[in-house]
Amino acid sequence: MHAVAQGGRGKKAPSDHPHARQNALKSRANEQTVPQTPRTRRARPRFVALVGEHHAVTDPAAQADFLEEPRGLYHGRTPVVLRPGSVDEVAAILALAGELGVPVVLQGGNTGLVGGQIPFSGEILLSLTRLDRIREIDPASNTMTCEAGVVLQTAAAGVDRLFPLSLGAEGSCTIGGNLSTNAGGTAALAYGVARDLVLGLEVVLPDGRVWHGLNKLKKDNTGYELKHLFMGAEGTLGVITAAVLKLFPAPKSIETAVVAVASPEAAPALLGLMQDRAGDNLTSFELMARICVDFALRHGTGLRDPLAAPHLWYVLIELSSGVRRGLRDLMEETLALGLERGLVADAAMAESLEHRAAFWRLRELVAEAQKFEGGSIKQDVSVPVAAVPDFIRAATVAALRVVPGCRPVPFGHLGDGNIHFNVSQPVGADKAAYLARWDDMSDAVFAEVLARGGSISAEHGIGVMKRDYLPRVKDPVALDLMRMLKTALDPKGILNPGKVV
Ligand code: FAD
Ligand code: ZN
């Protein structure tokens with residue numbers, strides 16, 4: 001038995017991909033970007049002068065952590081990692097890059113899962129982690145103004161209100177990266193995705209100009225909503241240097257339950273019941289197939305089966321409230337009603353903070369535990385909530401057709417219709433041979449997603465990993481608009497070349 005690091009939050013998972021897959025992805029990433037090394041290398045001293053020698057990383061050993069992402073799937077190269085300490089320095093770097101036509105790749109916490117933060121063709125790497133000030137907390141307006149490099153967990157801990165974005169990588173990922181990838185996570189059901197949590201932005205444009213959009217206004221109808229251009233753009237349109245984030249009252253009571261549902265169809269039905277009864281108090285509704293629990297128990301330490309007997313499907317439900325009383329009764333009554341209606345097979349409610357943490361650890365360890373089961377082909381897809389059971393069933397059949405004996409490990413944010421349809425290799429299979437089927441498996445799973453009006457990326461974005469899929473799945477007019485925006489904002493193709501579009 002292998003022990004998985006406890007508290008998956010912020011931990012980096014080592015690679016589970018063979019070099020074959022890695023090289024294929026790398027060469028595909030490189031194909032469409034022009035190698036820039038000679039020109040960039042000549043310009044290096046001018047860039048270094050903008051941040052000072054001390055904040056320019058040129059030593060290959062010191063660069064290593066910037067050039068490889070969490071799973072070791074993508075590797076990059078760069079003549080220099082620039083670590084600016086102010087917005088003015090970022091602006092000066094982009095102005096010079098624009099003048100010289102030197103491309104720049106942006107990086108926050110380097111936890112992104114689609115290769116967006118990696119310089120594949122010798123671009124300059126701009127690391128934003130030194131922009132790490134919380135500029136202001138305004139309790140009266142319920143806002144916090146954070147620079148891009150503030151680590152998510154630090155931002156969330158820095159206030160006595162709630163900043164509700166919550167992801168497995170929160171100990172390392174940054175606000176800039178979260179907004180650029182429009183991250184989702186486990187509380188999106190109640191609070192929305194990253195873009196819903198932002199009132200204002202400060203952005204450095206590819207020509208070095210600064211857009212000062214740090215307002216605290218909920219209502220502002222003075223033209224196009226520009227901030228939404230930069231969120232979810234994965235660093236292709238501008239550098240987010242700071243954001244005004246929304247804060248919420250800190251919850252006074254939280255109730256968490258692990259519930260066995262009678263069938264996959266029962267899960268969305270129970271979600272509907274919970275929404276009817278608990279309304280805004282429903283913060284998380286996470287689905288796990290039994291195999292997820294098996295993997296977490298097998299490879300994690302200090303965990304136990306949450307219910308007396310094993311069941312095929314589970315949901316982890318969390319309610320939270322700004323008032324102290326009544327939440328436990330609400331959870332109990334709704335689960336009892338679910339039992340009565342044949343939706344709930346069994347349930348356990350957390351009796352203490354430790355108990356609650358153990359429930360969440362079970363959920364958060366799933367992806368990490370998978371790496372001890374051999375190769376895994378991972379997807380972060382979404383379909384309409386009501387279509388989730390049918391999607392899982394059809395995608396399972398499709399996956400088994402591609403690789404007989406493979407083991408689908410579906411879990412995720414059912415409340416958002418967002419399923420991590422990860423597929424582990426057959427027991428005892430050759431890992432490299434299995435992972436070589438990545439694209440076939442993706443095609444099969446995506447076909448079921450698209451047949452239900454879904455999205456091939458609900459959370460992690462496009463980066464380089466799914467760039468070549470985009471023209472196949474995106475409305476051509478939408479894709480055309482995206483390209484027009486890219487050309488309008490970044491006519492010289494300076495920012496994150498070869499990513500997304
Ligand atoms: P990076 O990885 O450094 O960059 C990501 C992208 O943003 C790149 O394209 C980069 O160029 C761009 N970028 C970075 N900073 C800026 C900036 N200041 N301005 C403009 N562009 C910028 N995602 C989810 O949505 N939900 C999850 O539940 C979730 N769980 C995760 C769990 C683990 C263990 C890991 C490793 C990742 C997870 N992710 C999840 C992926 C998620 O996209 C990232 O963790 C996070 O949002 C990226 O932040 P980062 O600071 O690490 O950005
Ligand atoms: Zn997720």
Side-chain angles (χ1 to χ4, degrees), residues 5 7-14 66 69-71 73-74 76 84 87 90 94 104-119 123 125-129 131 146-152 155 165-188 193-195 201-206 229-243 284 286-287 363-368 371 378-382 411-414 416 418-422 457-465 467 495-500:
R9 289 173 179 252
K11 296 278 179 348
K12 291 183 171 189
F66 296 93
E69 50 76 79
R71 301 145 305 171
L73 175 54
Y74 299 110
V87 180
V90 175
L94 288 201
V104 175
V105 169
L106 310 179
Q107 189 177 94
N110 192 16
T111 70
L113 296 173
V114 291
Q117 74 279 24
I118 301 296
E123 300 94 335
L125 184 61
L126 189 61
S127 165
L128 280 312
T129 53
L131 297 184
C146 260
E147 294 188 344
V150 174
V151 169
L152 173 57
L165 192 63
S166 176
L167 346 163
E170 66 196 16
S172 329
C173 64
T174 62
I175 294 298
N178 298 150
L179 304 188
S180 299
T181 57
N182 186 29
T186 50
V193 292
R195 70 165 75 247
L201 278 189
E202 179 185 81
V203 177
V204 178
L205 299 177
L229 274 184
F230 300 99
M231 291 185 281
E234 301 181 47
T236 58
L237 300 180
V239 185
I240 296 173
T241 48
S284 299
E286 300 280 313
L287 179 76
R363 159 67 183 84
E364 286 174 348
L365 278 179
V366 177
E368 273 194 87
K371 69 182 180 244
K378 303 188 177 192
Q379 312 293 352
D380 65 307
V381 299
S382 65
F411 65 95
H413 323 292
L414 177 71
D416 309 319
N418 171 196
I419 298 300
H420 294 291
F421 194 83
N422 295 354
S457 175
E459 287 199 316
H460 303 156
I462 298 298
V464 290
M465 181 180 261
R467 185 195 59 198
L495 279 186
N496 275 13
K499 314 285 168 58
V500 186

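Read the numbers this way: they start at 1 and go in the same order the structure lists the ligands and their atoms. Remember, predicted model here, so these are calculated numbers, not experimental data. In this chain, numbering begins with 1 at the start of the sequence shown.
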Check each of [options] against [atom] and report the one with the nearest heavy atom.
atom	options	value
atom 53 (O) of ligand 1	G177, G238, A169, P119	G177
atom 20 (C) of ligand 1	G112, G184, S172, S180	S180
atom 45 (O) of ligand 1	T111, D380, L113	T111

Within ligand 1, which atoms have a heavy atom of [X] less than 4.0 Å away?
X	answer
G235	20 (C), 21 (N)
G108	1 (P), 3 (O), 14 (C), 15 (N), 51 (O)
A183	25 (O), 47 (O)
A148	18 (N)
N178	46 (C), 47 (O), 49 (O)

- Task: Measure from the Zn ion (ligand 2) to every N/O/S atom of H413 and report the name of the nearest one.
- Result: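 Sorting the N, O and S atoms of H413 by distance to the Zn ion (ligand 2) puts NE2 first.
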
- Query: About how large, to 10 degrees, is the angle NE2 of H420, then the Zn ion (ligand 2), then OE1 of E459?
  - Reply: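 That angle is 100°.
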
- Does at least one non-hydrogen atom of G463 fall below 4.0 angstrom from an atom of ligand 1? no

Please check this pair: side chain of [X] against backbone of [Y], looking for a donor-acceptor N/O pair closer than 3.5 Å.
X	Y	answer
Q117	G112	yes
N418	V381	yes
T241	E202	yes

- Query: Side chains of L201 and L179: does their closest heavy-atom pair fall under 4.5 Å?
  - Reply: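 Side chain of L201 against side chain of L179, heavy atoms only: contact under 4.5 Å found.
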
- Message: Less than 4.0 angstrom from a charged side-chain N to a carboxylate O is my criterion; do R363 and E286 meet it?
- Response: yes

- Item | Identified side chain to side chain contact (heavy atoms under 4.5 Å, CB included) partner of C173 from the options L152, T181, N110 |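 Among L152, T181, N110, the one meeting side chain to side chain contact (heavy atoms under 4.5 Å, CB included) with C173 is L152.
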
- Item | Matching residue for V90 among V104, I240, L106, L131 - test: side chain to side chain contact (heavy atoms under 4.5 Å, CB included) |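 Output: one option passes, namely L131.
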
Would you say [X] has any N or O atom under 3.5 Å from an N or O of ligand 1, going by distance alone?
X	answer
S166	no
I240	yes
N182	no
V239	no
H413	no
C173	no

How does [X] reach ligand 1, by side chain, by backbone, by both or by neither, if only non-hydrogen atoms under 4.0 Å count?
X	value
H460	side chain
T181	side chain
N496	side chain
T174	both

- Message: Please give me the minimum heavy-atom distance between L237 and P206, naming the atom from each residue.
- Response: O-CD, 3.3 Å

- Query: Side chains of H420 and Q379: is there a donor and an acceptor less than 3.5 Å apart?
  - Reply: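 There is no such pair between these side chains.
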
